[in-house]
Engineer: 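Before I ask anything, here is the structure I am working with.
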Amino acid sequence: MTAVANSTLLAPQEQAEAGLWRRMLHYLFLQREVEERLERRLYRQGKILGGVYVGRGQEAICVGSGLAAEPDDFLYPCHRDLGLYFVRGIHPRQVFAQYMGRVGGLTRGRDGNMHMGDLGHRIVAIISAMAASIPVAAGTAMALKFQRSRNIVFNYFGDGATSRGDWHEGINLASVQKTPLVLICNNNQYAYSTPLDKQMACAHVVDRAPGYGIPSEIVDGNDCVAVHEAALRAAGHARMGLGPYMIECKTFRMTGHSAHDGADYVPKHLWNEWAEKDPVIRMERRLLDRCYASRGDIDELYAGIRAEVDEAIAWAEASPYPDPSTLEQGVYEESR
Amino acid sequence: MTAVANSTLLAPQEQAEAGLWRRMLHYLFLQREVEERLERRLYRQGKILGGVYVGRGQEAICVGSGLAAEPDDFLYPCHRDLGLYFVRGIHPRQVFAQYMGRVGGLTRGRDGNMHMGDLGHRIVAIISAMAASIPVAAGTAMALKFQRSRNIVFNYFGDGATSRGDWHEGINLASVQKTPLVLICNNNQYAYSTPLDKQMACAHVVDRAPGYGIPSEIVDGNDCVAVHEAALRAAGHARMGLGPYMIECKTFRMTGHSAHDGADYVPKHLWNEWAEKDPVIRMERRLLDRCYASRGDIDELYAGIRAEVDEAIAWAEASPYPDPSTLEQGVYEESR
Amino acid sequence: MQATYLEAIRQGLQEEMERDPSVFLLGEDIGVYGGAFKVTAGLLDRFGPERVVDTPISESAIVGAAIGASYAGMRPVAEIQFADFITCGFDQIVNFAAKCRYRWGAPAPLVVRAPSGGGIHGGPFHSQNPEAWFVHTPGLKVVQPATAYDAKGLLKAAIRDNDPVIFFEHKALYRKVKGEIPAGDYTVPLGKAKVFREGRDISVITYGAMVHVADEAADILAKDGISLEIVDLRTLLPIDEETILASVKKTSKAIVLHEATLTGGIGGEISARITEKAFEWLDGPVVRLAAPDTPVPYSPTLEEAFLPNAMKLVEKARALARY
Amino acid sequence: MQATYLEAIRQGLQEEMERDPSVFLLGEDIGVYGGAFKVTAGLLDRFGPERVVDTPISESAIVGAAIGASYAGMRPVAEIQFADFITCGFDQIVNFAAKCRYRWGAPAPLVVRAPSGGGIHGGPFHSQNPEAWFVHTPGLKVVQPATAYDAKGLLKAAIRDNDPVIFFEHKALYRKVKGEIPAGDYTVPLGKAKVFREGRDISVITYGAMVHVADEAADILAKDGISLEIVDLRTLLPIDEETILASVKKTSKAIVLHEATLTGGIGGEISARITEKAFEWLDGPVVRLAAPDTPVPYSPTLEEAFLPNAMKLVEKARALARY
Ligand SMILES: Cc1ncc(C[n+]2csc(CCOP(=O)(O)OP(=O)(O)O)c2C)c(N)n1
Ligand SMILES: Cc1ncc(C[n+]2csc(CCOP(=O)(O)OP(=O)(O)O)c2C)c(N)n1
Ligand SMILES: [Mg+2]
Ligand SMILES: [Mg+2]
């Protein structure tokens, strides 16, 4: 957003808020646009050969909380948290190249889709096994505590991941050790095709938090500002040395489980209901309502992002596939 | 107990109660005596070569709840629940032979100590991995439900086992499927040398029950009658098709983790405090107070059990070691 | 009737469920959705939610519950959505299921179905071939069919078997391989390999998708006058040593081929058995062809370099033929 | 200075913790209690509860936390109380730790220590030798020392290594094996086998407790005029092919010996490599001696029949010598 109509008229605090909200919209839309291209264009054009999992409708969760993290906090995204990468400064080029298996991708073609990370940016790549990151994140948080660091760890997971043993073991260890760990659940009400009532017999994921003696809250996962505020509370708690904190973001996956899934198992009315809560549109409305941005500003923002994305796709397509002779490199330090 | 001083003077309901309580004392003392011999005599005499884990001080839990089970209910004991085997009709001979690695043992020398089961008696053998039985018990319970059986499953575990992923996965699946599963935790406040505060950040194991949407209660685990009543409530709930129910029995392990462990890590005062709550003595007192038994009856009972145990040890020692030529038998059905 | 590998498996499940009310299925997304690969599509409608159980994401509980249900007289067939996730239920398989018969005489007649293998650009976590871990676990049986006929027949045999069977389905074959399936009930016995293609010069011992790779290579090599005999193991544990040795004694040369990575793969086991028991028949070293020792890479160029294929086998075979 | 295998390991831990503040330990009962085998006794007092962390019973979290701590610059050494329970943290080891460097360049320099092996009447769940599973997992290193000297030197090398190392300690050696340990700092490089005993006639390729079994057998066979050369692998992954092949090319006969069960054990891998790469030097089949394919039984008579021992090796060697 290059210019904002009335920014000079705002009080300092409002200016800060306006700036934050604009950044929110920026990342919300960036994630939306990148994923739109991935799922609905590049995948359908056969340019992405593996799975494509997107966070459509859930972008407020990673964007809102990601903007609450400090630059040296560790992030453990799950497979619908693309926005986190952008917040951390990963370029869309690298993401498109990643999905297309090119050397320009974060994993240089070794892995696909959201299985990407960058220790330099303190973003840790997931493995496929749901919830496997949680014990790992607990370990990072434990280390930061031992190191007397002010940094903390943000860990993301879906409702479905909460059924896994690793989820339990990781959170339990983290809570016993009082580690600085912010646990962020995107409860999008489905795990692949499986609805909540086949996954858990409690009403909310946070009903499990007392079992670990940790505080928790439920937040509207489609409201980026609400998520952000909750994340700040959680981060403050963790940073003060009070241990883990769990946030459950109620949301909905506005697409199939992955690009090949038509999601016929979702009752039709839910799509409409949740479309009305679209986090991008809600963020637009907030900005417009408070005159933090005009329609023109927003259109300009979007146009800029679209251009950036076009360029990023072209860049990624120009990035070569890995040289097959590199296949056996990098399994061990010695095999570089 | 061959005769009871005043049994003819009791009202029918009291008679039933007296009978039940006497059976309780019988099994409590039987477990105590067998384990006394195992841990403090046979092990020290070098007659048992592997690990010896006993339930000293915790006998009320398995005895009280075991007597609440119907004969065709499935039992999944953990490693301190020897009383369950006796309640189900396993003979002390088989237990001693088991510990000594003889063919007369329930596993015919293939496995040791509490790793024993008998599908005919519907007692399932644990494996060592703590909590591994819980998903398995959930599966049995699921099958019984599908079969429209009135039978249910009793699953036992320690406080330490609650940290394992299997504990979580098993209970979650059981609760989602509303299976008839009674979950009985013996919270003896230690997992090997690890005290509760290093295992969990909540006050009680049952603080986790709401996370599975299941009812729970805490009970004095050293009071056999209290445990029995709680188990009847839990069993009633499960048998009615209302799903799992969790009982947390507060107790204390009145010995080391296993026979080789002096348990120096336990603060001295705890031994005395918990000695006063000894479940055998409390059961004696109940019987004496209500005149359901005289001291003489009790002494007679104990003498009978001791004699039975002497004979069982002799029997077990006379049982041969397995013929090494049978080593490879029974890995598969075909290799019988 | 013609059926794909996938349809053959579905038929096998359905027929066994019809035949025996104790057979039931459990796994993630297998009911309403019909499974990630649609193997179980339609079975929920046919048999209802107590016989096609959609579970939470809990591989350990899925396997564990299958064991427990088997103790109550059921014959569970558990699906692991991708074989890569079998590691999450590993302890239940290798310590609970595998050892219970030996320890205390409690058989656990269950089947764990798991789609394995690469070639679909699934990357490191949707492409693995983990069979060797289970082949090193006494008490398990391990199966991997290469054809539609065997897929159905072996699955039915696995369901009727009284020991735990890990049943790997090569996901690249699901829709690629088609075959004639007899109308009536039939089983393919566990523990018996099959000579998939007769030949004179070199025995290729293999299984799963690699059977077709070997077949392709055999066509190419036939033009050079090199005749491959292909032994399809079908069951990986117990290993059918007899069929392997008979073939090797005939050809005097052997290549063991698998898609799993080389080191510690079951190629070593088979090579060792051949050397131990047919040393005097060998006219050359037993050669192995397998994937290199790396995770399965995602990018098409890397995955192609990773997977064994007909040309790689042709090269190995030519070199061995010259030996 | 003389030290037992166990003391050597403890020294290794202590010295590395002193040398490098990023080294810390985590596991069950390792702090206050000093570990089930007392390997870590005294270290809590010396280094405090943030460097000797008593954890809940959560093998998956123990391994996972070690990985995560390594990402924050630590060098964690995780203890699995008995190697048998490593199955409970299996996914974290084989899918998370093993693959992260290859996938996204994130090394996980951690050590997982696990007491393995039988001979202490531990039964099916306190006696297993699970190394072959990890040897089939690219990205891991797998170590098993046979002597006190190697135990310390390999452990130090493992802690300093920048890849995940699974470090199996044979529990029957903890107090049985003693050796001279130099006063100063030293390491034993990973990936290098050692000729434990030189000989002429037959190479025995082995590791861990079986090195001593082979040594005993070698003494017996020496009286028959059969000279065994014993190669102690020390590191099982990567395998030191060079040392193995050099020995086999010298003796022309080889026996691979391990305590783990036969089928799918690493004996197959080693046998296959020898046949592949030294076929022309072989004067007889490569022979394997391992435990039979059963769970580890508890009863002394059965366990004795189960475990490989010197007399079983003597028999195999005599037969091979006659070949
Ligand atoms: C251990 C494991 N089992 C199965 C899968 C296959 N799988 C991938 S995503 C998914 C559903 C995840 O649901 P949830 O955690 O709610 O995340 P969402 O996709 O809804 O964001 C499943 C079953 C997996 N990745 N890991
Ligand atoms: C998965 C696993 N890890 C470690 C062990 C070793 N171990 C055996 S019993 C035990 C403590 C168990 O504590 P708890 O569940 O409270 O039972 P208790 O012995 O106190 O009755 C431990 C750590 C094990 N058996 N299984
Ligand atoms: Mg979800
Ligand atoms: Mg306990």
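Chain letters run A, B, ... following the sequence lines, proteins first and then strands; every chain starts at 1.
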Engineer: Give the interface residues of residues 93-100 of chain D toward chain A, defined by a heavy-atom separation under 4.5 Å.
Structural biologist: D/N95, D/F96
Engineer: I'd like to know if the side chain of A/K145 and the backbone of A/T140 have a donor-acceptor N/O pair within less than 3.5 Å.
Structural biologist: no
Engineer: Could you tell me whether the side chains of A/N151 and A/D72 share a donor-acceptor contact shorter than 3.5 Å?
Structural biologist: no
Engineer: Can a donor-acceptor pair be found, under 3.5 Å and without considering hydrogens, that links the side chain of D/S60 to the backbone of D/G89?
Structural biologist: no
Engineer: Anything in residues 130-145 of chain D with a heavy-atom distance to chain A below 4.5 Å? Please list those residues in order.
Structural biologist: D/T137, D/P138, D/G139, D/L140, D/K141
Engineer: Using atom types as modelled and distance alone, determine if a side-chain donor or acceptor of D/S271 lies under 3.5 Å from a backbone N or O of D/G267.
Structural biologist: no
Engineer: Look only at the side chain of A/R93 and the backbone of A/W315, and say whether a donor-acceptor pair between them is shorter than 3.5 Å.
Structural biologist: no
Engineer: Tell me whether D/D240 contacts the main-chain N or O of D/T243 through its side chain, where contact means a donor paired with an acceptor under 3.5 Å.
Structural biologist: yes
Engineer: Using modelled atom types and a 3.5 Å cut-off, is there a donor and acceptor pairing between side-chain atoms of D/S116 and backbone atoms of D/N129?
Structural biologist: no
Engineer: What part of D/D163 gets closer than 4.5 Å to chain A, counting heavy atoms only: side chain, backbone, both or neither?
Structural biologist: side chain
Engineer: Chain A: which of D/T55, D/I57, D/D91 shares the most heavy-atom pairs with it under 4.5 Å?
Structural biologist: D/D91
Engineer: Quick check against the 3.5 Å criterion: does A/Q31 have a side-chain atom that pairs as donor or acceptor with the backbone of A/G83?
Structural biologist: yes
Engineer: Could you tell me whether D/R234 and D/D232 have a side-chain N and a carboxylate O separated by less than 4.0 Å?
Structural biologist: no
Engineer: Does a side-chain N-to-carboxylate-O contact under 4.0 Å join A/E70 and A/R239?
Structural biologist: yes
Engineer: If I measure from the heavy atoms of chain D, does A/H115 come under 4.5 Å with its side chain, its backbone, both, or neither?
Structural biologist: both
Engineer: Taking atom types as modelled, find out whether A/Q199 and A/D159 have a side-chain donor-acceptor pair closer than 3.5 angstrom.
Structural biologist: yes
Engineer: Decide whether D/Q92 and A/D166 meet the rule of one side-chain donor and one side-chain acceptor closer than 3.5 Å.
Structural biologist: yes
Engineer: Where on A/I123 is there a heavy atom nearer than 4.5 Å to chain D: the side chain, the backbone, both, or neither?
Structural biologist: backbone
Engineer: Looking at A/S133, A/S128, A/P135, A/G109, which makes the most heavy-atom pairs under 4.5 Å with chain D?
Structural biologist: A/P135
Engineer: For residues A/Q98 and A/Q94, is any side-chain donor paired with an opposing acceptor at under 3.5 Å?
Structural biologist: no
Engineer: Main chain of A/G104, side chain of A/S319: is a donor-acceptor contact present, judged purely on distance under 3.5 Å?
Structural biologist: yes
Engineer: Can you say whether the rings of A/F154 and A/Y156 are parallel (under 30°), tilted (30 to 60°) or perpendicular (over 60°)?
Structural biologist: parallel
Engineer: Taking the six-membered ring of D/Y102 as reference, does the cationic atom of A/R110 (NZ for Lys, CZ for Arg) lie under 6.0 Å from its centre and within 45° of its axis?
Structural biologist: yes
Engineer: For residues 71-80 of chain D, give me every residue with a non-hydrogen atom less than 4.5 Å from any non-hydrogen atom of chain A.
Structural biologist: D/Y71, D/A72, D/M74
Engineer: Most heavy-atom pairs under 4.5 angstrom with chain A, which of D/A66, D/P56, D/G64?
Structural biologist: D/G64
Engineer: A/I126 versus chain D, heavy atoms under 4.5 Å apart: side chain, backbone, both or neither?
Structural biologist: backbone
Engineer: Identify which part of D/V53 has an atom lying under 4.5 Å from any heavy atom of chain A, answering side chain, backbone, both or neither.
Structural biologist: side chain
Engineer: Who in residues 11-50 of chain D is close to chain A, using a strict under-4.5 Å heavy-atom cut-off?
Structural biologist: D/F24, D/L26, D/E50
Engineer: Counting distance only, does the side-chain N/O of A/N113 pair as donor-acceptor with the main-chain N or O of A/Y99 below 3.5 Å?
Structural biologist: no
Engineer: Side chain of D/Q128, backbone of D/P124: donor and acceptor closer than 3.5 Å?
Structural biologist: yes
Engineer: Is it the backbone or the side chain of A/V153 that comes under 4.5 Å from a heavy atom of chain D, or both, or neither?
Structural biologist: neither
Engineer: Pairing donors with acceptors under 3.5 angstrom, does anything connect the side chains of A/H168 and A/Y212?
Structural biologist: yes
Engineer: With under 30° as parallel and over 60° as perpendicular, where do the rings of A/H79 and A/H257 fit, or are they tilted in between?
Structural biologist: perpendicular
Engineer: When you measure from the centre of the six-membered ring of A/Y332, is the NZ or CZ of D/R101 under 6.0 Å away and within 45° of the axis?
Structural biologist: no
